[in-house]
Q: 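There's a structure below that I have some questions on.
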Amino acid sequence: MSETFNQHVFNSAHFRRSYHTDRPLGSFCGPKGTQFRLWAPTAQEVVLRLWAAGTGDCLLRTISLDRWEKGIWRHETPENLDSTYYDYLVTVDGATRATADPYARAAGCNGQRSMVIQLERTNPPAWEQDAPPPLPPENIIWEMHVKEFSWDPASGVPEDYRGKYKALTLTDTTLNGDGIHPTCLGWLKELGVTHIQLMPVYDYATVDEGGDPAMFNWGYDPLNYNVPEGSYATDPADGAVRIRELKEAIQSLHRAGFRVIMDVVYNHTYYLDSWLWRTVPWYYLRQESDGTPSNGSGCGCDLASERSMVAKYILDSVLYWAEEYHMDGFRFDLMGLLDVRLMNRIRKELDDRYGVGEKILLGEPWSAGSTATRMGTRLSDKWHMNNLDPGIAAFVDNTRDMVKGNLWHEDSRGLVNGGTVDPEYLACCISGWSDCPNSWLQAPTQAINYLSSHDDWTLWDRLVYTGDPSRNFEGHQEALLRQNKMAAVTLFSCIGNLFLLSGEEFARTKKGVKNSYNSPLDIGMLDWTRAWENIDLARWYRGLIALRKSLPGLTDKSPKAADRMRFFWSPAANCTALLWDNSGGDCPWNTLLMVFHGGTEPLSLPLPAGRWAVLVDHTSTDKWRAPDTVRESVRIPPGSAWILASRERS
Ligand code: CA
């Protein structure tokens with residue numbers, strides 16, 4: 001078959017009718033025996049190979065599979081093959097290729113062979129009772145990489161656990177083990193975020209699991225979508241260990257009061273020559289009209305989510321992680337490459353199983369380039385947020401760039417670092433880009449407001465670029481810390497969900513490196529000594545996090561929440577003030593006055609009538625715990641953001 005011909009066949013309704021199946025795929029074992037099911041409708045022959053180990057020359061036997069219904073090949077045996085490794089030889093158009101099982105749920109070292117697994121035996125004690133904490137009043141997500149989190153020896157994490165899932169089970173680590181200054185989980189509990197977002201913990205390709213422990217990668221290079229990454233396990237060779245240890249980590253995070261979000265990368269495979277490709281060549285991939293693989297991901301192999309068995313593959317995977325690992329949410333990498341229909345279906349299936357909104361869904365509403373979809377496919381990008389369920393959220397780049405400058409231009413400046421911001425634009429940011437001019441979101445549920453993520457510069461490094469000609473990334477420049485504080489107040493004033501890169505709260509630096517996806521760990525690791533050096537900034541974030549959870553006007557996610565904005569005006573150059581209805585719940589403050597002063601001169605701001613309590617000023621985010629009262633006017637220094645409140649309704 002020519003490659004162009006394939007696309008027409010695979011896109012056709014006839015192919016879908018002939019070969020679509022909803023049956024479970026993969027391998028399943030228990031006391032009653034073991035089943036293997038591989039969907040390979042274009043194959044002429046499929047041979048199953050059983051191995052004694054995940055690597056090495058240890059073939060046990062080979063078994064020719066039977067072709068069953070809908071293109072499924074299967075083998076059943078009364079034996080319980082738990083812990084047996086396996087792969088397939090798939091012959092298509094006369095070419096025979098060895099492949100692991102695309103549906104594998106366990107694998108050996110480096111994921112080259114799959115493993116039959118009886119999953120119940122991977123459950124840690126009390127796993128059946130494991131449950132996430134209740135839904136919080138606000139979703140405040142902290143994005144973490146497993147290895148970066150605990151690699152620093154100063155973290156106090158024992159060497160065997162550094163960079164591993166196991167570090168997430170430790171609740172009492174302190175700086176250099178001093179017993180005084182919490183690090184890792186203890187730090188997070190004091191910070192008060194509500195969700196921990198794990199950067200890829202599925203099995204990715206580029207770190208040698210049996211090699212140098214200091215090898216590093218972000219992990220956006222999927223190898224086995226339904227298997228945990230082995231380099232974070234204490235033993236990558238035994239396929240059961242990584243499963244148990246990831247479950248232990250999730251259980252520990254739940255016990256510590258956090259929900260857990262998993263970063264998923266269904267938009268591309270690392271290799272064109274993936275297990276999916278070897279099993280059903282070209283079916284899973286988008287192609288240009290001349291047959292070349294579509295490259296909207298920048299990785300040369302976009303998955304064709306609009307085809308029914310690709311959609312099934314992705315949906316099955318999400319549901320599996322939710323059910324087997326108790327994941328509380330999913331962050332879709334380059335969501336703009338996945339079709340709207342699939343994303344809405346994922347939302348619905350999770351809502352049906354777990355309750356509406358119980359699992360959070362978010363994604364990047366863009367791609368790295370254009371992609372070749374079947375005609376009529378709508379993609380989950382910025383232009384189609386209205387077609388997506390309101391319970392699917394997207395990263396709001398507008399707000400990020402308003403605060404600190406355009407991402408793509410090093411010299412670009414925003415509100416906090418000397419840029420000029422249009423008050424109406426700022427008001428849209430506060431409104432979570434819903435129900436305002438040029439809004440692109442349906443409701444604040446769809447907004448993920450953020451200042452920094454793993455991509456690009458940390459917030460601190462960005463501020464060094466625009467504010468320190470000497471580029472002293474490891475410094476603690478007062479002027480830049482003030483900018484960071486103003487940025488944080490601005491972020492926490494925006495309605496919608498909130499998101500922080502791990503360490504943003506302590507002026508984390510990657511020493512000016514923008515794309516640190518495979519940088520040595522001294523660039524990306526969380527520096528717990530620096531965390532405590534910048535404890536003043538971290539306390540600033542803690543105050544904002546606690547305050548935010550108590551303000552009904554800002555946690556409101558209803559579609560009309562932006563109507564709470566009563567008025568905005570510009571009292572001085574590059575300064576915006578907003579009156580915001582905060583009524584609801586048992587909060588005593590019915591009206592908020594938020595002031596974002598990016599100008600260069602002190603401002604004497606006339607206040608609306610009555611008494612105003614200062615919740616946040618330029619010195620503290622904890623004022624609200626025992627607020628000062630002001631009347632008539634207030635003096636606001638340049639380069640600061642304030643939140644005041646009144647009991648009066650606006
Ligand atoms: Ca791996």
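Both counts, for ligands and for their atoms, begin at 1 and track the order of listing.
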Q: Are Thr77 and Ile63 close enough that some pair of their side-chain heavy atoms sits under 4.5 Å apart?
A: no
Q: Which residue pairs pass the salt bridge (Lys or Arg N to Asp or Glu O under 4.0 Å) test when at least one of the two sits in residues 143-152, sequence neighbours left out?
A: Glu148-Arg508
Q: Give me the protein N, O or S atoms that fall under 3.0 Å of the Ca ion (ligand 1), sorted by chain and residue number.
A: Asp203 OD1, Tyr204 O, Glu209 OE2, Glu229 OE1
Q: Of all residues at least two apart in sequence or in a different chain, which pass the salt bridge (charged side-chain N to carboxylate O under 4.0 Å, His left out) check with Asp381?
A: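 Testing Asp381 for salt bridge (charged side-chain N to carboxylate O under 4.0 Å, His left out), a comparison that skips the adjacent residues, returns none.
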Q: Mind checking what makes salt bridge (charged side-chain N to carboxylate O under 4.0 Å, His left out) contact with Asp397, not counting sequence neighbours?
A: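 Listed in chain order: Lys382.
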Q: Asn224 pairs by side-chain hydrogen bond (donor to acceptor under 3.5 Å, both in side chains) with which of Tyr204, Trp275, Tyr202?
A: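 Exactly one pass, corresponding to Trp275.
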Q: What residue among Tyr225, Tyr313, Tyr320 forms ring-ring contact (aromatic ring centres under 6.0 Å, His included) with Tyr103?
A: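 Exactly one candidate clears the test, Tyr313.
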